[in-house]
Amino acid sequence: MDAENSWIEIVGRGHDLVGLRRLFEKAGLGVMVETSVGSQESGILVMADDDGLTSARLVGPMVDQWLLPVDSPRFAAILLNPRIKALNGHCRLLDPNFGGVRAVAVGVFDGISLAKFVLPDQQKLRTGSTLGWHQTHAASLADRMVLVEADDLCALVVETLSEPPSWTSIYACFETIKHDHSVGDLVQAKLITKQQLKAFGAAANNITARAEGARHGHTKKNQKLSAHQQLELMTLSEAEELHRQVVTRYLDRKTGHTTGFEVCDWMNDAPRFGISPFQREL
């Protein structure tokens, strides 16, 4: 393709990509689908020569307009995710078997040069496990297991960590801990700082991304935020880290242990939300 164009790289199944290509060709909305996947039509169906997972690019004047303000991967994700979700929703209305696509990268042409950004991926790369590396892991495990068996509140708190990270599950965890009569106030119990609790609440009550398990939709109190306002909010990655640390301190408070744990200060290639005040000496 011509390098002097902005583009959005999407990933999806072959049938879905060639279906999108046919739909946009007929719609004439300033968006086109470029894919190397061949296809043939049979009646109402357009069928890909290969229905495996593959990539395509969205290009055209509307794509240029969408991407022109983008200057970072996170900004690209904030601008694109709602549009990709809306696209998937529209297509699912028309074809009940549409499996959906996701954006993975963008190329932004500003009239002079092309900047490429890979969108943040929630999947985590692993190089091994830290379980059991520190003696306190083993020393506190028995008491933690007994606690969870005997205390329904603690059991629910630990269960929230076994779920995919979401604003709903983390908020439920914090609410449950506050319900514990031995804690009451998370800040006073030194499980979290006032600044962190305020930042978490602001994000949990205003982020509406369904993929992140948002607590609310748009309401009178929860107004739609601009892209720049969203950039100022705590991210789900930051909230996930805070979740781990609050629960660690809660279980240690209940069992009388001091358990070492790994702290993630760097997320999405940048230092995030004030994690350092929570870091323990292992």
Side-chain angles (χ1 to χ4, degrees), residues 1-70 72-109 114-126 164-166 207-214 217 227 230 235-237 268-269:
M1 62 172 287
D2 186 350
E4 294 187 354
N5 283 298
S6 294
W7 47 262
I8 303 167
E9 184 178 351
I10 58 174
V11 172
R13 306 282 300 199
H15 292 330
D16 291 333
L17 295 180
V18 297
L20 276 178
R21 180 171 60 191
R22 180 173 69 173
L23 177 64
F24 277 116
E25 283 176 353
K26 294 184 176 182
L29 296 176
V31 178
M32 296 164 285
V33 178
E34 293 186 343
T35 177
S36 60
V37 179
S39 65
Q40 53 187 328
E41 296 197 26
S42 176
I44 65 173
L45 298 177
V46 57
M47 299 175 294
D49 294 341
D50 181 357
D51 189 40
L53 196 64
T54 188
S55 64
R57 284 186 175 183
L58 302 180
V59 298
M62 187 173 290
V63 172
D64 293 337
Q65 180 180 342
W66 287 347
L67 295 180
L68 189 57
V70 168
S72 71
R74 190 177 176 201
F75 197 7
I78 287 174
L79 289 180
L80 288 182
N81 285 344
R83 292 184 167 100
I84 296 298
K85 289 173 185 175
L87 174 62
N88 285 335
H90 287 312
C91 292
R92 187 71 186 276
L93 285 172
L94 303 175
D95 177 358
N97 295 314
F98 183 79
V101 299
R102 63 185 180 94
V104 296
V106 299
V108 184
F109 183 67
L114 183 73
K116 299 179 182 179
F117 301 106
V118 176
L119 273 61
D121 189 346
Q122 296 300 319
Q123 296 182 349
K124 300 177 180 179
L125 297 177
R126 298 194 61 199
S166 70
I207 289 178
T208 54
R210 301 311 311 151
E212 294 188 358
Q230 291 181 55
T235 67
L236 183 58
S237 293
N268 297 332
D269 299 323

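On a predicted model such as this, the values are computed, not experimentally measured, just so you know.
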Please step through side chain to side chain contact (heavy atoms under 4.5 Å, CB included) for the pair Leu79 and Trp66, ending with a clear verdict. CA-CA 8 Å; Leu79 289 180; Trp66 287 347; over 6 Å; no
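- Expressed to the nearest 0.5 Å, how far CG of Leu53 lies from CG of Asp16 amounts to 10.0 Å.
- Closest of all the heavy-atom pairs between Phe117 and Pro73 is CD2-CD, 3.8 Å.
- Residues satisfying the side-chain contact (heavy atoms from CB on, under 4.5 Å) criterion with Ala56, sequence neighbours excluded, are Ile10, Leu17, Val33, Thr35.
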Run the side chain to side chain contact (heavy atoms under 4.5 Å, CB included) test on Val106 and Phe75 for me, step by step, so that the C-alpha distance in whole Å, both residues' side-chain angles and the decisive distance to 0.1 Å come before the verdict. CA-CA 11 Å; Val106 299; Phe75 197 7; over 6 Å; no
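- Qualifying side chain to side chain donor-acceptor pair (under 3.5 Å) partners for Gln40, counting only residues two or more places apart in sequence or in other chains: none.
- The distance from the OG atom of Ser55 to the CZ atom of Arg102 is 10.5 Å, given to the nearest 0.5 Å.
- Take Asp50 and apply the side-chain contact (heavy atoms from CB on, under 4.5 Å) test, not counting sequence neighbours, and it matches no residue.
- Met32 approaches Gly60 most closely through the heavy-atom pair CE-CA, 3.9 Å.
- The minimum heavy-atom distance linking Ala103 with Ile84 is given by the pair CB-CG1, 4.0 Å.
- How far CD of Glu34 is from CZ of Phe24: 13.0 Å, rounded to the nearest 0.5 Å.
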Going through the checks in order, is the side chain to side chain contact (heavy atoms under 4.5 Å, CB included) test met by Val59 and Asn5? CA-CA 7 Å; Val59 298; Asn5 283 298; 5.5 Å; no
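- In this view, Arg21 satisfies the salt bridge (Lys or Arg N to Asp or Glu O under 4.0 Å) rule with no residue, not counting sequence neighbours.
- Summarising the geometry of Gly107 relative to Leu114, their closest heavy-atom pair is C-CD1, 3.7 Å, with the distance given to 0.1 Å.
- Ser36 OG to Arg57 CZ: the interatomic distance, rounded to the nearest 0.5 Å, is 11.0 Å.
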Side-chain polar contacts of residues 90-99 - donor-acceptor pairs under 3.5 angstrom, sequence neighbours left out - could you list them?
unit_1 : atom_1 : unit_2 : atom_2 : d
Arg92  : NE     : Pro96  : O      : 2.8
Asp95  : OD1    : Asn97  : N      : 2.9

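- Looking at Leu80 and Val70, their side chains never come closer than 4.5 Å, going by heavy atoms from C-beta outward.
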Evaluation steps, side chain to side chain contact (heavy atoms under 4.5 Å, CB included), between Arg83 and Ile8: CA-CA 11 Å; Arg83 292 184 167 100; Ile8 303 167; over 6 Å; no
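- Side chain of His15 to main chain of Ala48: a donor-acceptor pair is present (N/O by atom type, distance under 3.5 Å, no hydrogens or angles).
- Side chain of Asn88 to main chain of Val101: a donor-acceptor pair is present (N/O by atom type, distance under 3.5 Å, no hydrogens or angles).
- For Val46, the side-chain contact (heavy atoms from CB on, under 4.5 Å) criterion is met by Val18, Arg22, Ser39, Glu41, not counting sequence neighbours.
- Judged by distance alone, the side chain of Asp51 and the main-chain N or O of Arg13 form no donor-acceptor pair under 3.5 Å.
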